[in-house]
There are 2 protein chains.
Amino acid sequence: MGPGGGAEPVGPAQACPIAPVVDIVFSRWTTPILWALHAHGRQRFVELQRLIGTITPKVLTQRLRQMERDGLVVRTYHPEVPPRVEYEISDLGSSLAPLFSTLAEWSEANLGRVEQARRTFDDAAAGTPAPGPGAPRPRPDRRG
Amino acid sequence: MGPGGGAEPVGPAQACPIAPVVDIVFSRWTTPILWALHAHGRQRFVELQRLIGTITPKVLTQRLRQMERDGLVVRTYHPEVPPRVEYEISDLGSSLAPLFSTLAEWSEANLGRVEQARRTFDDAAAGTPAPGPGAPRPRPDRRG
DNA sequence: CAGAATCCGACGCGATACTG
DNA sequence: CAGTATCGCGTCGGATTCTG
């Protein structure tokens, strides 16, 4: 999502029907959280943190709160000592499963192509600046 | 994607097979760009900017460059005066179509539920702090 | 245990102005 | 036309510390 918080395009950008969903479902941690919850079922806070691996409690709380608000996960608080809180996927969150499957399949099939494309692009960018300027483009900021 | 740039989880987060795809395909502007290109075919820079509506040339260039590097779009430079550049979806980019359809369908069917969940959550957050502390949580930073 | 509070850095993005 | 350069803001995310 962008700096503006919610995505509410006023221009023709609204023609893209999936922009809102991106804001809701796809951030750095929402998919790993959803995935962990989907794969291992209801989990406690620390267990969830352990399952995901590197996420800090602060960020985990933030994402979890947002996802709870959006109705993707359900938080259950057990008033005990020590306190126990459990998170699980809601029905709404579960409805994303087929979507994630499609995504996983695409990844399985095409991630290699992306990596190959990157290599080709970077090689071309590093190799052609000497000859003729086939296309005037200073430098192609690479990330991967 | 996160501030760290590329997503390369070293921990159990790697168990989430779609995290890399999120980094590649889903940002604030990649989906609108892909959508516009998919809907209207090959387009020139300014036309693309107009179709999307609010994107600035700087950001459009950045995203386009990244997507070109990832092999999602193809840039064609025509050495003329004035210069003419055209962008179109690659085969790899087109392979995302079914994914986008699934996403659009989910949005159509469930976006209302998310909005409803938000209202319910916000109302509950604004209404229950007075009675008994059912779940000790200071304030639920709302966004929408 | 399940967070909250605080400080901090890095991007993504927006607005504006300028160029080959 | 198709970008590039510069500036600044806001948000996300990491690290650390503290609490009921």
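All chains are named by letter (A, B, ...) in the order of the sequence lines, taking the proteins before the strands, and each is independently numbered beginning at 1.
Listed pair Arg44(A) / dG3(C) fails the phosphate criterion, with no side-chain N or O lying under 4.0 Å from OP1 or OP2. An OP1 or OP2 oxygen of dA2(C) is reached within less than 4.0 angstrom by no side-chain nitrogen or oxygen of Arg50(A).
Applying the side chain to side chain donor-acceptor pair (under 3.5 Å) rule to Glu47(A) yields the partners Arg50(A); only residues at least two apart in sequence or on another chain are considered. The side chain to side chain donor-acceptor pair (under 3.5 Å) search around Arg113(B) returns none, not counting sequence neighbours. Taking the salt bridge (charged side-chain N to carboxylate O under 4.0 Å, His left out) definition, one finds that Arg84(B) meets it with Glu80(B), Glu86(B), sequence neighbours left out.
Rounding to whole angstrom units, CZ of residue Phe45(B) and C1' of dT4(D) are separated by 10 Å. To the nearest angstrom, P of dG13(D) lies 11 Å from CG of Leu60(A). Computed from coordinates, the Gln49(B) CD to dT4(D) P distance equals 13 Å when rounded to whole Å. Per the geometry, CE belonging to Met67(B) stands 15 Å off P belonging to dG12(C), to the nearest Å. Straight-line distance from the CZ atom of Arg65(B) to the P atom of dA5(D): 10 Å, rounded to whole Å. Rounded to whole Å, the distance from CD on Gln66(A) to P on dG3(C) is 16 Å. In this structure, Leu64(B) atom CG and dC13(C) atom C1' are separated by 16 Å, rounded to whole Å. Distance, Gln62(A) CD to dA5(C) P: 12 Å, rounded to whole Å.
Leu51(B) approaches Ala36(B) most closely through the heavy-atom pair CB-CB, 4.4 Å. Looking at every heavy atom in both residues, Leu103(A) comes nearest to Phe26(A) through CD2-CE2, 3.5 Å.
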CA sep, side-chain torsions, deciding dist, call: Phe45(A), Thr61(A), side chain to side chain contact (heavy atoms under 4.5 Å, CB included): CA-CA 9 Å; Phe45(A) 188 87; Thr61(A) 300; 3.4 Å; yes

Protein proximity profile, nucleotides 14-20 of chain D - base contact B, sugar-phosphate-only contact S, no contact -, cut-off 4.0 Å on heavy atoms: BB----B

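Pairs of residues two or more places apart, or lying in two chains, that qualify as side-chain hydrogen bond (donor to acceptor under 3.5 Å, both in side chains) and include a residue from residues 89-102 of chain A are Ser95(A)-Trp106(B).
Checked against Gln66(B) for a side chain to side chain donor-acceptor pair (under 3.5 Å), the options Arg69(B), Glu68(B), Arg63(B), Gln62(B) give a single hit: Arg63(B).
Comparing dC1(C), dA2(D), dG3(D) against the side chain of Tyr87(B) picks out dG3(D) as the nearest. Distance from the side chain of Arg63(B) is smallest to dG12(C) among dC1(D), dA2(C), dG12(C).
Atom CD of Gln116(B) has more than 12 neighbouring heavy atoms from other residues, nucleotides or ligands inside a 6.0 Å radius.
Five base pairs at each end of the helix from dC1(C)-dG20(D) to dG20(C)-dC1(D) define two local axes, and these are offset by 50° (rounded to 10°).
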